[in-house]
> 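Take a look at the following structure, please.
Note on naming: letters A, B, ... go to the chains in the order of the sequence lines (proteins, then strands), and numbering restarts at 1 for each one. Please read these numbers as outputs of a predicted model, since none were measured by experiment.
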Amino acid sequence: MAENLSEQEIVRRHSLEEIRKLGIDPYPADTYEINVSAKGILDNYEKRKLDYQNVSIAGRIMSRRVMGNASFVELQDVTGRIQLYVKRDEICPGEDKTLYNQVFKKYLDIGDIIGVKGYVFTTKVGEISIHVSELKVLCKSLRPLPIVKEKEGETFDAFTDAEQRYRQRSLDLIVNPGAMEVFIKRSRIVNSIREFLNEKDNLEVETPVLQPLYGGAAARPFKTHHNALDMPLYLRIANELYLKRLIVGGFKGVYEFAKDFRNEGMDRFHNPEFTQMELYVAYKDYNWMMDLVEEMVEKVALDLHETTAIQVGENEINFKRPWKRMTMFEAIKTYAGVDISKMDEKELFETAKSLGVHVDEKMGKGKVIDEIFGEKAEPNLIQPTFITDYPIEMSPLAKKHREHEGLVERFEAICNGKELCNAFSELNDPEDQRERFEHQLELGEKGDEEAMVLDEEFLRAIEYGMPPTAGLGIGIDRLVMIMTNSHSIQDVIFFPQMRPKGEHSPTLKK
RNA sequence: GAUCUGAUAGCUCAGUUGGUAGAGCAUCUCCCUUUUAAGGAGAGGGUCCUGGGUUCGAGCCCCAGUCAGAUCACCA
């Protein structure tokens, strides 16, 4: 074991032992009372000096400048950093100078966690600091920390390696001042949505993650096994079919922030587990749902940024209501220059090929339309836009369009060239639903691995009768990416899935 | 899955035509009572991602692999 340790790790273990020998517990159990934050002091000290005569604060040592019998320390808490002025004769008022000379100077390191008490003052050079009168070791750190420094916006020795940041998120959060920001915003976005939906009298619910049949989306699932029941179970790819059963049961509006799992590729837009918020509201349709989505996302933007205009990459995106609305056919006509609304399957294939859109013989009519849209129209949709009325083949859970044959009452909101949410007037005709499932089974037999399976329990539920219902699924990770101008989904998920690597690979020990 | 790029000290990175492995910070030692990306001076620290190959000699060239990033394809 010991021979694997670096010099610095050995030194820190030695310091730990020395601290113990001096009778100091390097990992004390009792609470440390804190009455102030780093940011609080920096923001308010000038105005309210008297309030900072007896401060108590704890945090991590991020830098240290020892000047003999006086030292400067940067202490970091959750709000930021504050400088400490540690003077030997202040923390060691008697003859015994061990706490300063031994413990503080020799055995404490960058990365250790300490608690201090003292008063706030301004140094000669004008930096607001804490004059320390008491210092307590709260946690000894055994690994050296990357030292990131900043001056006038320039960063030195930044800990930027994306792989390291994702694999060691704790470290990322400690040393990169902006790292917490995105996750705090994520939490605020979720709160904002929850607040919005609760306000409108919807009920937050929880439905199974482990499902005997997976459904509600076109995707390949993760499969697992229940030992006692000796049966396969699937990690949910969506919770749609369960939430609709609750609507059958009589709830007016239900929603769930659901972790969904899809056994597919990973890239900057996809993580195998991701969060989706699904909402179902009885006696409403997709037009009503569009209004709701606009209102909700506008509120999220305002809650987060106090403006509806948000810079995302090179684009400024404005979520102010109302958003543009166009049918899928209109979008294709606008951006690809062809009117496909009256075309049969053969004409569609020819059109797709002439547009240079990748199609193959296995694709049905709906799939071809979707391909054309996805390649020609979607990337052009930067400002939030509702695309409505999708081909029926692609939407086995959506209600047939009240006017147009071959279409369903479905919309997606597209933003920055990517889908933001997906919604429809939910199919509540049980016989139609059964036929759609059967069609999916046929697709499955032809080798479509993402085809849905027939869920008899769900059919039984809607045979009792589900009121007309509007349903919505909105990708929370994607929304957070846009709202925080994050380039990759890995930047908005604390622990994105990574291939195990090296000696610390999480392997099962049996 | 495909293509391109990358992996060197705790961190950020250099490393020339193939010829003793480098810097800054961090660490260690000494000095120092208001410094600030780094107070001053000195010292130590390496599985050059892994495994083969070519060569008198490989961090560097060749082959295979691992992991990551970017782009593309599929999915939210």
> Ring of A:Y390, cation from A:R410 - is the NZ or CZ under 6.0 Å from the centre and inside 45° of the axis?
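Verdict for A:Y390: a cation-pi partner in A:R410.
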> Classify A:K124 by what it touches in the nucleic acid, base, sugar-phosphate, or nothing, heavy-atom distance under 4.0 Å.
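Counting heavy atoms under 4.0 Å across all strands, the contact made by A:K124 includes a base.
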> Reckon A:R220 touches a base, only the sugar-phosphate, or nothing at all at heavy-atom distances under 4.0 Å?
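Result for A:R220 = nothing.
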> Mind checking A:N422 for me? I need base, sugar-phosphate or nothing, with any heavy atom below 4.0 Å counting as a touch.
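The residue A:N422 makes no contact with any strand.
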> Does A:F269 have A:K418 sitting over its ring (NZ/CZ under 6.0 Å from centre, angle to axis within 45°)?
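Flagged: A:K418 positioned over aromatic ring of A:F269.
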> Describe the nucleic acid contact of A:V125 in one word from base, sugar-phosphate, nothing, applying a heavy-atom distance below 4.0 Å.
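The residue A:V125 makes base contact.
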> Can you tell me if A:F274 is stacked onto the base of B:A76, using a 5.5 Å centroid cut-off and an angle below 30°?
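Aromatic stack with B:A76 present for A:F274.
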> On the six-membered ring of A:F104, is A:R64 placed so that its NZ or CZ lies under 6.0 angstrom from the centre and within 45° of the ring axis?
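Relative to the ring axis of A:F104, which defines the angle, A:R64 lies inside both limits.
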> Using a distance-only criterion (donor-acceptor N/O pair, under 3.5 Å, no hydrogens), is the base of B:A76 paired with the side chain of A:E419?
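Answer is no: no donor-acceptor pair is held.
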> Taking any strand in view, what nucleotide pairs with B:C11 in a Watson-Crick or G-U wobble way, both distances under 3.5 Å?
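Per the H-bond distance test, B:G24.
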> Using a heavy-atom cut-off of 4.0 Å across all strands, would you classify A:N271 as base, sugar-phosphate, or nothing?
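Base contact.
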> Any base atoms under 4.0 Å from A:D89, or only sugar-phosphate, or nothing? Heavy atoms, all strands.
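Answer is base: heavy atoms of A:D89 come under 4.0 Å of a base.
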> Just checking A:F424 against A:F411, ring centres under 6.0 Å apart?
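Not under 6.0 Å, so no.
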> For B:U36, take OP1 and OP2 only and decide whether either is under 4.0 Å from a side-chain N or O of A:K149.
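For B:U36, neither OP1 nor OP2 has a side-chain N or O of A:K149 closer than 4.0 Å.
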